[in-house]
Amino acid sequence: MVTIAERLDAAYDRIAHAAKKCGRDYNDITLIAVSKKKTLEDILAAFEHGHREFAESYVQEGVEKVHQLSEHKNIVWHFIGPIQSNKSKAIAEHFSWVQSIDREKIARRLNEQRPSNMKPLQVLIQVNIDEDPNKSGCLLDEVPALAALIENCKQLNLRGLMAIPAQSADFDTQLQSFKQLSACFDRLKDQYPQLDTLSMGMSGDMDAAIAAGSTMVRIGTAIFGEREQ
Ligand SMILES: *Cc1c(COP(=O)(O)O)cnc(C)c1O
């Protein structure tokens with residue numbers, strides 16, 4: 001059996017390989033281990049192997065895990081799931097990063113609900129690049145207004161963009177989607193040069209995402225194995 005530690009090493013190797021292929025420095029790409037629907041033991045296996053950045057997609061499950069692992073102060077928790085406004089407070093109080101802001105109401109609520117004794121939330125705007133009506137994310141042309149609003153929020157620190165493109169097994173199709181997000185990120189950086197995070201790439205498409213300029217890949221299955229539905 002392949003262990004989580006071995007799969008984590010393989011994921012790091014894959015990032016290094018993809019970076020090398022397009023002449024990028026692999027140190028510029030952060031690996032986030034997506035632990036949704038996985039056990040505390042799984043998370044601890046990755047933690048004990050030295051991994052510190054984890055992401056959750058469901059509020060209740062994520063908050064429980066943050067509490068259960070609270071003795072490990074150096075874990076950095078990312079929230080990457082859809083956000084209902086009645087759940088925003090729990091997210092604001094428990095996570096370091098929120099990658100899935102897609103509308104003004106959620107940005108305003110997270111800003112108001114982030115406790116003043118905590119560091120500002122590190123946030124990304126989620127973009128629905130394929131304009132899939134079943135997916136979260138704002139449209140590409142809604143990004144500037146949402147970014148401007150977040151920039152005015154004291155308890156939010158805008159770091160960049162995130163997207164989950166339509167699934168495809170074809171590298172060039174994946175690359176085309178990621179390039180759209182990458183172009184949007186470059187335009188946004190003209191206005192906000194401090195932006196440093198382009199979160200794109202999952203187990204099935206991280207190589208294309210890295211080729212298109214990703215600085216953060218979110219990997220679940222390739223580290224923890226298939227999830228139960
Ligand atoms: C589940 C999930 C991932 C991880 O997907 P894998 O295909 O298991 O690597 C990444 N990002 C988001 C937003 C997710 O919901």
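Start at 1 and go down the list; that is how both ligands and their atoms are numbered. In what follows, every heavy atom counts, from backbone to side chain, and hydrogens, waters and symmetry copies are set aside. Quick caveat: nothing in here was measured; it's all calculated off a predicted structure.
- Checking side-chain atoms of Thr215 against main-chain N and O of Leu198 turns up a donor-acceptor pair under 3.5 Å.
- In this structure, His94 and His67 have perpendicular ring planes: the angle between them is above 60°, well past the 30° mark.
- A 6.0 Å sphere centred on CD of Gln68 holds more than 12 heavy atoms belonging to other residues, nucleotides or ligands.
- Atom 11 (N) of ligand 1 has Arg218 NE, 2.8 Å as its closest protein atom, hydrogens excluded (heavy atom only).
- There is a side-chain donor-acceptor pair under 3.5 Å between Ser35 and Glu56.
- Ring pair Phe79/Phe95 is perpendicular by interplanar angle, where above 60° counts as perpendicular and below 30° as parallel.
- Atom 13 (C) of ligand 1 has Ile164 CD1, 3.4 Å as its closest protein atom, hydrogens excluded (heavy atom only).
- Looking only at heavy atoms of the protein, atom 10 (C) of ligand 1 is closest to Met202 SD, 3.2 Å.
- In this structure, atom 12 (C) of ligand 1 lies nearest to the protein heavy atom Ile80 CD1, 3.4 Å.
- Salt-bridge formation is not detected for the pair Arg108/Glu112: no Lys NZ or Arg NE/NH1/NH2 atom is positioned less than 4.0 Å from an Asp or Glu carboxylate oxygen.
- Ligand 1 has Arg227 within reach: a non-hydrogen atom of the residue lies less than 4.0 Å from it.
- Within the 4.5 Å cutoff, the side chain of Phe178 has heavy atoms near those of the Pro165 side chain.
- Of the candidates Gln126, Lys36, Glu226, Lys36 brings a heavy atom nearest to atom 2 (C) of ligand 1.
- Using a 4.0 Å cut-off between heavy atoms, Ser57 contacts ligand 1 through its side chain alone, with no backbone atom that close.
- Neither the backbone nor the side chain of Gln99 comes within contact range of ligand 1; no heavy atom lies under 4.0 Å.
- Here is the list of ligand 1 atoms found below 4.0 Å of a heavy atom in Thr221: 6 (P), 7 (O), 8 (O), 9 (O).
- Of the protein's heavy atoms, Ser203 OG, 2.5 Å lies nearest to atom 9 (O) of ligand 1.
- Close approach of ligand 1 to Ile219 (heavy-atom distance below 4.0 Å) involves ligand atoms 9 (O).
- Looking at Glu61, its side chain does come within 3.5 Å of a backbone N or O of Lys37 through a donor-acceptor pair.
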